[in-house]
Amino acid sequence: MTTHTRPTGRGTGMHHRHIYLDGAWTASTGRCVIDVVEPATEQVIGSAPGGTPEDVDAAVRAARRAFAGWAETPAGERAAYLRRIAEGIERRAPDLAELIAREVGTPIGFARLAQVGLAALAFRTAADVGEAYPYEQPQGPSLLIREPFGVVGAITPWNYPLFQVAAKAAYALVVGNTVVIKPSEAAPLSVFVLAEIMDEAGLPAGVVNLVSGTGPVAGQALATHPDVDFVSFTGSTAVGRTITRAAADTVKRVALELGGKSPTVLLADADVADVVPRAVAAAFVNNGQTCCALTRLVVPRSRKGEVERAAAKAAESTQVGHPLLPGTQLGPLVSAGQRDRVLRHVRRALGQGATLITGGAEPPEDQPYGYYVRPTVLSDVTTAMDVQHEEVFGPVLVIECYEDDVEDDADAEAVALANATPYGLAAAVWSADPDRALAVARRIRAGQVEVNGGGFNPRAPFGGYRQSGNGREHGVFGLEEFLEVKSVQL
Ligand code: NAD
């Protein structure tokens with residue numbers, strides 16, 4: 001089902017000309033300005049400076065100057081700043097949600113809940129975890145001291161533009177690091193609002209700095225800067241590799257939160273009518289542009305027909321439309337490039353033998369403009385096809401079958417197929433028997449596994465196995481990521 005897109009007719013007052021350096025809004029040293037295009041209307045709605053290596057250097061120097069004072073600030077005081085930032089996000093939540101709905105295409109309800117709500121929650125949770133954390137502990141005759149690295153460079157993607165920055169900045173800051181943020185050039189606008197909120201919260205100058213710009217210029221400058229101690233990166237696996245190489249000369253610490261191709265595993269006793277609509281919704285979350293989206297439905301072959309019918313029904317009842325319309329469940333993709341990439345994946349999958357259950361590579365009816373893609377389900381997908389193991393990053397769910405007509409352990413077949421990609425970010429397992437589902441969850445090689453719909457926990461570590469990355473964000477593990485360990489022998 002689709003609804004007509006409707007341009008908002010709002011003004012274009014989101015053109016930023018300054019970056020946030022050393023506690024002040026400062027002109028970039030570059031002349032380049034990067035436009036931000038609204039995916040629902042294909043119109044420019046804002047812009048941000050294309051920061052230069054000189055801008056990055058000034059930001060890093062400011063962060064370095066601020067480091068000693070911030071690191072010595074008691075953890076409780078640092079936590080209080082974070083709580084003020086959370087309050088600031090909550091105060092401006094309606095504006096932030098609308099901004100992200102416009103710059104990313106996220107449906108407004110989900111933008112409020114996840115894009116903005118989770119960002120505020122990350123600051124609050126980091127404040128609580130950071131305040132309670134034991135930074136010094138005896139170990140035998142030694143004293144273990146955990147202390148901040150110094151200057152952290154945070155390089156983030158466009159899909160959750162505020163939350164991804166929050167996940168890094170909140171935990172880096174609460175333990176005493178100072179931060180230089182390089183947001184995605186595709187969706188930087190909400191991060192400018194965050195910098196305003198941080199400024200209003202009274203953070204000391206230089207503790208947080210914002211340099212917008214492109215990856216190969218501003219991002220690269222941050223990754224190679226000799227006075228950056230730690231680069232925390234969230235984005236694609238390909239860029240994660242580039243950053244790791246760029247950071248190698250200065251032997252800085254690099255944490256990578258990368259892509260995924262995560263499975264929903266349906267065990268033979270699961271309730272198809274209940275699970276499949278949830279699995280479809282989980283694949284299409286944020287228009288399918290979620291690193292941990294569950295984009296593969298791994299099912300017993302004996303239930304294939306039933307699953308295909310339920311998946312078609314769920315996908316076809318997904319409300320496609322303008323992200324600011326309240327009933328919308330699926331908005332446009334972030335850019336024309338991203339839409340075209342997704343459509344290429346769909347065409348290639350069909351060319352390699354996948355069966356189209358619903359959706360496809362034609363533009364959706366009733367959407368005369370905007371970067372929309374039909375909610376798409378492909379079946380008969382095998383490990384020989386690219387779409388089985390390549391991240392699509394759009395509303396495309398693939399159905400893969402494991403053999404359940406086996407003498408031995410059919411769940412072992414399910415596990416083998418679930419693990420048959422180079423990624424390992426997330427997974428879900430469904431069974432009528434919770435113990436059976438948990439046993440399968442233990443065998444899945446992924447950083448986060450939901451059992452029978454287990455919900456989001458802001459303190460649970462999040463991160464990837466294998467080519468999904470090497471870091472953990474959130475909770476105590478996310479906090480410890482930003483701490484060096486010193487052992488003092490007494
Ligand atoms: P991307 O890798 O293209 O860009 C991410 C960031 O890296 C941007 O800020 C970009 O400017 C910067 N960048 C690009 N080239 C660079 C370079 N050479 N040097 C330094 N920085 C550079 O990713 P994207 O398209 O913005 O985001 C989508 C990807 O992010 C998907 O693969 C998704 O799975 C992943 N992601 C992962 C997580 C996670 O927690 N694991 C969360 C969200 C998104």
Side-chain angles (χ1 to χ4, degrees), residues 34 36 48 50-51 53 56 103-104 106 114-115 118-119 122 153-168 171 180-188 191 210-225 228 231-248 252 254-262 285-295 333-335 337-339 341-342 345 390-394 421-426 446-448 456 460-474 477-478 481:
I34 302 170
V36 178
V56 169
E103 67 175 345
V104 178
T106 307
Q115 297 275 19
L118 294 184
I155 303 178
T156 54
W158 48 261
N159 62 336
Y160 291 85
L162 185 66
F163 176 51
Q164 297 299 346
V165 171
K168 299 183 187 311
Y171 284 93
V180 178
I181 301 167
K182 205 302 280 175
S184 166
E185 57 273 47
V191 187
L210 163 63
V211 182
S212 53
T214 66
V217 178
Q220 172 85 5
L222 205 48
T224 52
H225 199 292
V228 170
V231 172
S232 177
F233 171 75
T234 298
S236 61
T237 298
V239 174
R241 287 188 195 105
T242 306
I243 286 183
T244 304
R245 285 187 208 106
K252 54 173 63 73
V254 177
L256 302 173
E257 303 291 337
L258 308 176
K261 191 77 191 181
S262 301
V285 70
N286 199 25
N287 312 332
Q289 302 167 131
T290 299
C291 53
C292 55
L294 299 162
T295 52
L333 301 197
V334 73
S335 63
Q338 184 66 15
R339 174 199 55 197
R341 210 177 133 255
V342 169
H345 273 289
E390 289 183 4
E391 187 179 50
V392 172
F393 231 53
T421 79
Y423 292 112
L425 190 56
Q448 205 163 80
F456 177 75
F462 180 83
Y465 282 32
R466 310 178 72 210
Q467 293 189 25
S468 289
N470 57 17
R472 289 294 178 273
E473 292 191 326
H474 304 287
F477 286 88
E481 184 149 283

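Atoms within each ligand, like the ligands themselves, are counted from 1 in listed order.
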Nearest 0.5 Å, please: how far is CD1 in Ile181 from OG in Ser212? 11.5 Å
For ligand 1, is there an atom lying under 4.0 Å from some heavy atom of Ser184? yes
Can a donor-acceptor pair be found between the side chains of Thr156 and Lys168 at a distance below 3.5 Å? no
Can you see which heavy atom on Arg472 is nearest to which on Pro461, and at what distance? CD-CB, 4.1 Å
If you count the atoms of ligand 1 from 1 in the order shown, which ones are under 4.0 Å from a heavy atom of Thr234? 5 (C), 36 (N), 37 (C), 38 (C), 39 (C), 40 (O), 42 (C), 43 (C), 44 (C)
Contact region, Ile155 to ligand 1, non-hydrogen atoms below 4.0 Å, reads side chain
Below 3.5 Å, N or O to N or O, backbone or side chain included: is there any such pair between Ser468 and ligand 1? no
Counting heavy atoms only, name the option from Gly215, Ala247, Pro216, Ser262 that's nearest to atom 19 (N) of ligand 1. Gly215
Can you see which heavy atom on Gln338 is nearest to which on Leu333, and at what distance? O-CD1, 4.1 Å
What pairs with Glu257 under salt bridge (Lys or Arg N to Asp or Glu O under 4.0 Å), at least two apart in sequence or on another chain? none
Looking only at protein heavy atoms, what sits closest to atom 23 (O) of ligand 1 is Ser236 N, 3.5 Å
Ile243: numbered ligand 1 atoms lying under 4.0 Å from its heavy atoms: 19 (N), 20 (C), 21 (N)
Where ligand 1 meets Gly219 - atom numbers and elements under 4.0 angstrom, heavy-atom basis: 19 (N), 20 (C), 21 (N)
I need the atoms of ligand 1 closer than 4.0 Å to a non-hydrogen atom of Asn159, numbered in the order shown. 43 (C), 44 (C)
Expected output: side-chain Thr237 to main-chain Gln467 donor-acceptor under 3.5 Å: yes
Run the numbers for me: atoms of ligand 1, each under 4.0 Å from some heavy atom of Phe393, listed by number. 28 (C), 31 (C), 33 (C), 34 (O)
Taking atom 32 (O) of ligand 1 as the reference point, the nearest protein heavy atom with its distance: Glu391 OE1, 2.6 Å
Identity and distance of the protein heavy atom lying nearest atom 35 (C) of ligand 1: Gly235 O, 3.2 Å
One should read off an interatomic distance between Ser236 OG and Phe393 CZ, to the nearest 0.5 angstrom, of 9.0 Å
What is the distance from atom NE2 of His225 to atom CD of Gln220, rounded to the nearest 0.5 Å? 13.0 Å
How about Tyr160 and Thr290: does a side-chain donor come under 3.5 Å of a side-chain acceptor? yes
Less than 4.0 Å from atom 4 (O) of ligand 1, is there any heavy atom belonging to the protein? no
CG/Leu425 to CG/Leu258 distance, rounded to the nearest 0.5 angstrom? 8.5 Å
For Leu258, the atoms of ligand 1 under 4.0 Å from one of its heavy atoms are 34 (O), 37 (C), 38 (C), 39 (C), 41 (N)
For ligand 1, find out whether one of its N or O atoms is nearer than 3.5 Å to an N or O atom of Thr237. no
Does some non-hydrogen atom of Pro183 fall short of 4.0 Å from ligand 1? yes
Heavy-atom pairs closer than 4.0 Å: do any link ligand 1 to the side chain of Thr156, the backbone, both, or neither? backbone
Sole candidate of Val180, Leu222, Val165 that passes side-chain contact (heavy atoms from CB on, under 4.5 Å) when paired with Ile155: Leu222
Can you tell me the protein heavy atom closest to atom 15 (N) of ligand 1 and the distance? Val239 CG1, 3.5 Å
So is there a nitrogen or oxygen of Lys182 less than 3.5 Å from a nitrogen or oxygen in ligand 1? yes
Taking N or O atoms only and a 3.5 Å limit, does Phe462 qualify as a polar contact for ligand 1? no
Do any N or O atoms from the side chain of Arg339 and from the backbone of Val334 form a donor-acceptor pair under 3.5 angstrom? no
Just to confirm my output: which protein heavy-atom neighbour is closest to atom 7 (O) of ligand 1, and how far is it? Phe233 CE1, 3.2 Å
Return the closest protein heavy atom for atom 27 (O) of ligand 1 as residue, atom name and distance. Pro157 CB, 3.2 Å
Considering distance alone, does some N or O of Trp158 sit under 3.5 Å from an N or O of ligand 1? yes
State the CZ-CD distance between Phe163 and Glu473, to the nearest 0.5 angstrom. 8.0 Å
Could you state the interatomic distance from CD (Glu390) to OH (Tyr423), rounded to the nearest 0.5 Å? 7.5 Å
When distances are taken from atom 36 (N) of ligand 1, the protein heavy atom at minimum range is Cys291 CB, 3.4 Å
In ligand 1, the atoms that come under 4.0 Å of a heavy atom of Leu425 are 41 (N)
Ligand 1 atoms nearer than 4.0 angstrom to some heavy atom of Gln164 are 42 (C), 43 (C)
Just to check, does Tyr160 reach to within less than 4.0 Å of ligand 1 when the distance is taken from its heavy atoms? no
Donor-acceptor under 3.5 Å (Asn286 side chain, Asn159 main chain): yes
Close N or O approach (Thr242, ligand 1; < 3.5 Å): no
Minimum heavy-atom separation for Val392 and Lys261, please, with both atom names. CG2-NZ, 3.6 Å
For Ala218 and Lys182, the nearest pair of non-hydrogen atoms, with its separation, is CB-CG, 3.9 Å
For Glu185 and ligand 1, does the shortest N/O to N/O distance drop below 3.5 Å? yes
